[in-house]
Number of protein chains: 4
Amino acid sequence: MPSDTDRCAQPQRRSIGARRNPETEAAILTAAQELVEEKGLRGLTMEAVAKRARAGKATLYKWWPSRGALLVALYHASKGEHRHTDLGSLPETIAGFYSYVFGFWQTPAGRLFPLIIAEAQSNEDVADALQDYRQERLADLTALVSRAQARGELVADTDSEALADLIMANAWMHLMTGRIAVTDPAKLAHDVLRGWCLPDGSSA
Amino acid sequence: MPSDTDRCAQPQRRSIGARRNPETEAAILTAAQELVEEKGLRGLTMEAVAKRARAGKATLYKWWPSRGALLVALYHASKGEHRHTDLGSLPETIAGFYSYVFGFWQTPAGRLFPLIIAEAQSNEDVADALQDYRQERLADLTALVSRAQARGELVADTDSEALADLIMANAWMHLMTGRIAVTDPAKLAHDVLRGWCLPDGSSA
Amino acid sequence: MPSDTDRCAQPQRRSIGARRNPETEAAILTAAQELVEEKGLRGLTMEAVAKRARAGKATLYKWWPSRGALLVALYHASKGEHRHTDLGSLPETIAGFYSYVFGFWQTPAGRLFPLIIAEAQSNEDVADALQDYRQERLADLTALVSRAQARGELVADTDSEALADLIMANAWMHLMTGRIAVTDPAKLAHDVLRGWCLPDGSSA
Amino acid sequence: MPSDTDRCAQPQRRSIGARRNPETEAAILTAAQELVEEKGLRGLTMEAVAKRARAGKATLYKWWPSRGALLVALYHASKGEHRHTDLGSLPETIAGFYSYVFGFWQTPAGRLFPLIIAEAQSNEDVADALQDYRQERLADLTALVSRAQARGELVADTDSEALADLIMANAWMHLMTGRIAVTDPAKLAHDVLRGWCLPDGSSA
DNA sequence: GCTTAATCGAGACGGTACGTCCGGTCTTCTG
DNA sequence: CAGAAGACCGGACGTACCGTCTCGATTAAGC
């Protein structure tokens, strides 16, 4: 069984002086990603990351002062800059949103997300980072809802942010309870929007 | 100087034969609960629980093979058998529901819940236990929604289980993102139900 | 991998009333012997013996109150009642003695002996049992030496017990230092007796 | 009530970089020695040594992978570099040898020796270390015997190494059977050499 | 025949020590 | 002076036995 330290083919990185070495950073993030993919979150230990990345533990702690910080960095590094597109009608748009995130959460990078939520329950740093991320995504969703509202798709006094929050809550709930692979995004969007959407042509 | 072996000041619990000793079980759950209350969740280590309960570690692992299993047992032992009451109108009922669960989740016992959800993300057993618990609560909620539907409070084709799921998702979302202490349950219930509730007296 | 508890083919032994069950005793000694042969002394735990013998731990402790006691019983049960024979001349007799014991110490039963000596260093009970055994064997050897002395084979003022002790010490030394398989018994006997044996025909 | 985390009253030892810290090694050996002196050999557990030395258990296991290894190190650290002196005649010299070793084996450090022999019966590493030690001591003894032989004290064809082995075997035998405190070294030396020593003035 | 007493397998129990693992801090040495 | 390397202390992990105990079934001997 080859050990993690058998990866000595490439020459070890040297210091590049009194500056942060981007090679080292990349090696660390790559190593961390690989470890999570191979062994799950339990395999993501500072020790193992340092060894696989051929980096010193002090170097790790210098930039990512805790395991949680590394986790968040990892997620940020691997998530795309996806902006959800408006497909014309809100149910279709939200179905597209669910479809996209459920898909992403099933990729290696996306599989980190529930773990980050989990970690956030007992780690302040991660909780903060998660909160930021959520706000960002929420703004994105709220914009989509508002646009539909402007088009007259929704009941008159809809609070677009509350609805966006609800849409996101539904996605997270399905994630946390392991149902993202078995739920139909279109049905889910339909159910969540049922009460809010006016019948076609009924706009004031 | 007390010797290293001056144990057994108070009489220790004895075996009751080749059967599980309920005294021991109680002592362990009590010790675990105390530890969580005193030192938070980081203080809930198998080691500490065993020491405080004056129980052997092997005994702990025999009945609760993991920290997660202990967590779930703890939660089950301390949660009441609360059944949410129908307050006549759905918004009020759901406001009461949110009010109750947000309150409970801020008690020492309730604070275990987000940790259980977190644990479930990487622990099959806990995930299963959580799933069972969720189904139970969902049925409870669904019944409340159905009753309101029968009263004609909701739009005609409401899927009561989907709505119940949504209501619960909203609660969980607020829990996972640390907003249960700052959110008004009535406002939350109002927002979540906005689209589904018919205006008073508008039932067919 | 079959566990020790797969041996449920035969019906378990029952009590035969208020008397010691010889079947049980035999099963325990057999199980103990097998465990030592299969896994070495480290495998001889009270727990494992009880399990393999399908006996209760209390039964074990009733008759053999310690691991050391079991070890000694085991050795006594398996050693033969060998009496070393006088082959006419002392060097030959002692060569025969070395040959026999070195052979025996290489059988499964004999391999227990160094372990008993080892155990005796930190276990009073075993030390006592070992002492008794040594005295027994020493008397045997002393008799052989005395007979040779009577035949005039030895220097006049030989202390036969001291010489017997020396002969035995040499055997034990070879055992403890792992040389019984590589030493020629005849050469050993010759060396140990070199000083004491008179040349042939030189007897007074 | 002192918190569970009020550690570090006295300053702990720090790392000295990626090299073995001699302070730590010394602290561990000292702690081990003290434990043996205070509580006997049963008190020499890795756990207790680590705790008393304020060392991590991992550090212990890194340098001394087993209790046996620690035992050997302890013995080597505490035995002096004694060279047995030639007192002019072999019986006197050997009497001195027995006297010295029996004395040493009754000191705290010396009491480790039978345990090392015991450990060697089931631990390869210890067996090797013991073998080396025995060879060293045997060479020492053989030299003494050879000198006596050169002086014409011994029968002509004496195998000095075989005799030295015998002398040592006798010492070990007395050690293993708990007789070092009750045996007269001079008598023992006399008995062991009886056959080999020529009467005074009888050398060829 | 009925009671009594001892013995049986089973295994739970409180403990102790094991040997492993990781967290987070530190120091040295290499470029 | 950044960085690789890795030693260090602390402490939780999960496992393995120890020796004690209680249970309920079983059976011989004493009444």
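Remember, it's a predicted structure, so these values are computed and weren't measured experimentally. Chain naming here is simple, since letters A, B, ... match the order of the sequence lines and numbering starts at 1 in each.
Listed pair A/Thr45 / E/dC21 fails the phosphate criterion, with no side-chain N or O lying under 4.0 Å from OP1 or OP2. Taking 4.0 angstrom as the limit, B/Arg13 places a side-chain polar atom (N or O) nearer than this to OP1 or OP2 of E/dG14. Checking the phosphate oxygens (OP1, OP2) of F/dC8, no side-chain nitrogen or oxygen of D/Arg19 falls inside 4.0 Å. Proximity of B/Arg54 to the phosphate of E/dG15: a side-chain N or O atom is located under 4.0 Å from OP1 or OP2. OP1 or OP2 of E/dG14 lies within a sub-4.0 Å distance of a side-chain N or O belonging to B/Thr59. In this structure, C/Trp63 does not reach the E/dT7 phosphate: none of its side-chain N or O atoms is under 4.0 Å from OP1 or OP2.
Judged by distance alone, the side chain of D/Thr59 and the main-chain N or O of D/Ala55 form no donor-acceptor pair under 3.5 Å. Although no hydrogens or angles enter the test, the distance criterion places a donor-acceptor pair under 3.5 Å between the side chain of B/Gln121 and the main chain of B/Ile117.
Taking atom CE of residue D/Met46 and atom P of nucleotide E/dT20, one finds them 10 Å apart after rounding to whole Å. F/dC17 atom P lies 13 Å from atom CG of C/Leu41, rounded to whole Å. Here the P atom of nucleotide E/dT7 and the CD1 atom of C/Ile28 are 13 Å apart, to the nearest Å. The distance between atom NZ of D/Lys62 and atom P of F/dC9, rounded to the nearest whole Å, is 12 Å. Protein atom CD of A/Glu23 is 12 Å distant from nucleotide atom C1' of F/dG3, rounded to whole Å.
One finds a salt bridge joining D/Arg52 and D/Glu38 here, because a Lys/Arg side-chain nitrogen approaches an Asp/Glu carboxylate oxygen to under 4.0 Å.
Residue-level contact check: C/Thr24 touches the backbone only, with heavy atoms under 4.0 Å from sugar-phosphate atoms and none from bases.
Closest to the D/Ala58 side chain, of the nucleotides E/dC8, E/dC18, E/dC22, is E/dC22. Picking from F/dC18, E/dC8, E/dC18 the nucleotide with the shortest atom distance to the side chain of D/Arg67 gives E/dC18. The nucleotide whose nearest atom lies closest to any side-chain atom of D/Ser15 is, among E/dG14, F/dC17, F/dG6, F/dG6. Listed nucleotides: F/dC8, E/dC22, E/dC18. Nearest to the side chain of D/Arg20: F/dC8. Relative to the side chain of C/Glu47, the nucleotides F/dC17, F/dA4, F/dC9 differ in distance, and F/dC17 lies closest.
With sequence neighbours excluded, the residues forming a side-chain hydrogen bond (donor to acceptor under 3.5 Å, both in side chains) with B/Glu37 are B/Gln33, listed by chain and number.
Annotation: salt bridge (Lys or Arg N to Asp or Glu O under 4.0 Å) contacts involving residues 113-122 of chain C, sequence neighbours excluded, comprise C/Arg67-C/Glu119.
Counting atom types as modelled, C/Lys57 pairs a side-chain N or O with a base atom of F/dG19 as donor and acceptor under 3.5 Å.
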